[in-house]
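So the structure is just underneath, and the comments pick up after that.
Only heavy atoms go into these numbers, but all of them, side chains included; no hydrogens, no water, no symmetry mates. Every value quoted in this text rests on a predicted model; they were computed, and no experiment measured them.
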Amino acid sequence: MKINFKITYLLAALIISTSFYAQKNQDITYSSIGTVQPRSSHEIAASNWSIGGETMDRDFTDFDQWKQYLGATGAKKIRLQAGWAKCEPKKGEYDFEWLDRIIDDVIAQGVEPWLQTSYGNPIYEGGGMPNLSGGFPVSEEALAAWDQWVMALVKRYKGRVKIWEIWNESDLNSENTPDAYSKIFVRTAEIIRSEIPEATIYALSLAGINVEYVEPFLAYLKKYDKLDLVDVITLHGYTYRPEEIYPKYEKIQSLTKSYSDHIIIGQGELGCPSENQKHYALKNYPWTEVSQSKWMLRKLLGDLGRDIPSLYFSIIDMNYVRVLEKINGKITVLENPIYTVNTKGLIKAKKDNTVDYLKPSYFAYQNLTSIFDHSLKRISNYSYVTDATGSLSVYGYRADSSDYQVVTIWENGDTPNNSTKKTTIDFEFTNGNFAEPVYIDMRTGEVYDIPKKDWSQKGTHYEFRNIPIYDSPILIAEKSLIKLKSEKKSN
């Protein structure tokens, strides 16, 4: 299937929210020279970026409604949930048609599917529930059926799916102990590797970043000589200030290295609401579409600055409907289904799962994927001096092709707010490399010339003066590394 990306971009422009235009950079006095040109997933060879396409196994989103906007994000991977209960609605009878269509379409758009085996299936006694926190299959019959479904899944998608993730946020259910997860992980991973020896396997997918859950898992694998079954430990860890989670990530990294040299950690699911919501992660806070964009950029660029593969959850808002509940140990159909919405999407969804409009965060994500692909390499311990009094995140990157640089900067001391007001500060980069530096607001994608009066150079020592910053990432970047959508003559 071929996608006409020019049409996609035109459609995107037509339905962009009016709030995006209301939040342009009215306090920047530089001369604008254009905006960042988005690149489709096909146009990007490789990058750090994945996008979430979860919950379709429970029909909380409708792929046909948002698929036209996927390739235009520039994401290189998409996380999908296979949905045992949806694939096997009757014992021994599989329906993979819904999943076939999704996997084939995302591949055609230049996006690699990352497929998760989850959740339970209540048609089996002891089969667990088909939702988050639903519990693992535990009975002999249910475990045998799980094995058969996983094998059928792996055989069907061999050659199309290389990345496999085993379960999601098992730590949210107290019955899903580290020992229980270790056992379901090993039996599932061995089935996957039996058919796809080169498969990349993601483990744990933890909601909370808890050493007390990770260590028994690694110890179990070591005891039974199964550490080779894991390639990546995926971590979530929702925090209102995105940078707050990193000390916990570092503990897991250190622990993992003590067991294995080849296992890395990845950020496997994190997103931010675009409005105040009463349910789900980061609830009960006055989020807006502006602060959502800031949060997304800070978290993903914070991951990049630590060489952590990263995902944004999710591409579209999810309309959750809960019709089953475990009451007094029995699975019961609710007389009044529970309807809630998770507004973490880059796309605003209507109640019927159709697209309302593309949020500002959608376009901010495009800015991110367009600039930060694998042709930029992080510079370790990038050296700088600043007169800023608050806490900053500053990371430097160099281009493979030229050694010219891109530097990311943002204020990181507080939870992102709705203001776009900036303050000006000075920087010195002791080992910089710029021929024609420009200023970019990653949130809006606007690109500006930095006036010659505001920067100077002596060898590799660069001074930048009066640089506008705020609690959302801005770039000082070599102009030749940025593809512009349009150029304007400077006055």
Side-chain angles (χ1 to χ4, degrees), residues 1-16 34-54 56 61-80 99-115 157-164 198 200 266 296-297 300-301 303-304 309-316 345-347 355 358-359 361-377 397 399-401 406 440 442 445 447 477 480-486:
M1 183 180 119
K2 293 184 178 179
I3 306 293
N4 189 323
F5 290 104
K6 289 184 178 179
I7 293 176
T8 299
Y9 295 142
L10 178 60
L11 288 171
L14 289 173
I15 65 175
I16 182 173
T35 56
V36 175
Q37 173 66 56
R39 293 194 291 159
S40 73
S41 301
H42 274 303
E43 295 174 293
I44 299 168
S47 77
N48 208 55
W49 313 123
S50 301
I51 194 74
E54 300 87 350
M56 289 186 288
T61 79
D62 182 347
F63 182 68
D64 288 334
Q65 303 304 318
W66 54 262
K67 64 183 181 182
Q68 66 178 305
Y69 303 105
L70 172 61
T73 65
K76 290 306 296 178
K77 298 183 179 68
I78 184 167
R79 183 176 182 242
L80 304 169
L99 193 54
D100 286 344
R101 186 167 50 84
I102 293 168
I103 287 176
D104 289 344
D105 193 286
V106 303
I107 292 171
Q109 294 194 52
V111 185
E112 182 178 6
W114 148 6
L115 194 58
Y157 297 114
K158 180 178 181 179
R160 285 184 281 177
V161 177
K162 180 183 177 182
I163 302 171
W164 297 80
E198 71 281 9
T200 299
M296 180 271 293
L297 289 167
L300 270 58
L301 283 171
D303 291 345
L304 186 68
S310 191
L311 176 143
Y312 184 77
F313 172 82
S314 182
I315 190 169
I316 191 168
L346 302 179
I347 302 172
V355 170
L358 307 183
K359 299 179 190 178
S361 55
Y362 179 93
F363 299 94
Y365 186 88
Q366 284 185 313
N367 298 334
L368 180 81
T369 61
S370 176
I371 295 173
F372 290 95
D373 64 11
H374 277 2
S375 68
L376 287 178
K377 299 295 187 292
Y397 302 86
D400 277 343
S401 59
V406 174
I440 304 171
M442 288 294 291
V447 184
S480 62
L481 301 179
I482 309 301
K483 186 176 181 181
L484 298 180
K485 184 185 297 184
S486 61

Report yes if the side chains of Phe372 and Asn48 come closer than 4.5 Å at any heavy-atom pair, otherwise no.
no
Relative to the ring of Tyr312, is the ring of Tyr365 parallel (under 30°), tilted (30 to 60°) or perpendicular (over 60°)?
tilted
Between the main-chain N or O of Leu311 and the side-chain N or O of Ser50, is there a donor-acceptor pair closer than 3.5 Å?
no
Exercise: identify the closest heavy-atom pair between Gly345 and Ser361:
O-OG, 4.1 Å
Taking all heavy atoms of Asp303 and all of Ser310, pick out the closest pair and write down the distance.
OD2-OG, 2.6 Å
Separation of Leu484 CG from Thr35 OG1 (nearest 0.5 Å)
7.5 Å
Taking Ile163's backbone N and O only, do any of them form a donor-acceptor pair with Thr200's side chain (distance below 3.5 Å, no angle check)?
no
Do Asp100 and Tyr157 come close enough that some side-chain heavy atom pair is under 4.5 Å?
yes
I'd like to know if Asp373 and Lys76 make a salt bridge, using a cut-off of under 4.0 Å between side-chain N and carboxylate O.
no
Side-chain contact, heavy-atom cut-off 4.5 Å: Ile103 with Leu115?
yes
When every non-hydrogen atom of Lys485 is compared with those of Pro38, the smallest separation belongs to CE-CD, 3.8 Å
Short question: side chain of Gln109, backbone of Lys67 - any donor-acceptor pair under 3.5 Å?
yes
Side chains of Ile347 and Gln65 in contact at under 4.5 Å (non-hydrogen atoms):
no
Rounded to the nearest 0.5 Å, how far does NZ of Lys158 lie from CD of Glu198?
7.5 Å
Measure the shortest side-chain to side-chain distance between Leu368 and Leu304 over non-hydrogen atoms and say whether it is less than 4.5 angstrom.
no
Note: Pro113 and Val106 closest approach over all heavy atoms is CB-CG2, 4.1 Å
Spell out, as yes or no, whether a donor-acceptor pair under 3.5 Å connects the side chain of Trp49 to the backbone of Leu300.
no
For residues Gly53 and Leu80, report the shortest heavy-atom separation together with the two atoms involved.
O-CD2, 3.8 Å
Report yes or no: does Arg39 contribute a side-chain atom to a donor-acceptor pair with the main-chain N or O of Ser370 at less than 3.5 Å?
yes
Mark yes or no for whether Thr73, through its side chain, and Leu70, through its backbone, hold a donor-acceptor pair below 3.5 Å.
yes
Please tell me if the side chains of Ile315 and Thr61 come closer than 4.5 Å, counting only heavy atoms from C-beta onward.
no
Report yes if some heavy atom in the side chain of Arg160 is under 4.5 Å from a heavy atom in the side chain of Asp104; otherwise report no.
yes
Between Ser314 and Arg79, is there a side-chain heavy-atom distance shorter than 4.5 Å?
no
Heavy-atom donor-acceptor pair, Lys162 side chain to Gly159 backbone, under 3.5 Å:
no
Got a sec, which residues hit ring-ring contact (aromatic ring centres under 6.0 Å, His included) with Trp114, two or more places apart in sequence or on another chain?
Tyr202
On a heavy-atom basis, which atom in Gly74 and which in Ile44 lie closest, and how many Å separate them?
O-CD1, 3.5 Å
Between the CD1 atom in Ile316 and the CZ atom in Phe63, the distance rounded to the nearest 0.5 Å is 11.5 Å
With distance as the sole test, does Tyr362 use its side chain to make a donor-acceptor pair with the main-chain N or O of Tyr69 at under 3.5 Å?
yes
Measure the CD1-OH distance between Ile371 and Tyr397 for me, rounded to the nearest 0.5 Å.
12.0 Å
Roughly how far, to the nearest 0.5 Å, is NZ of Lys77 from OG of Ser41?
11.0 Å
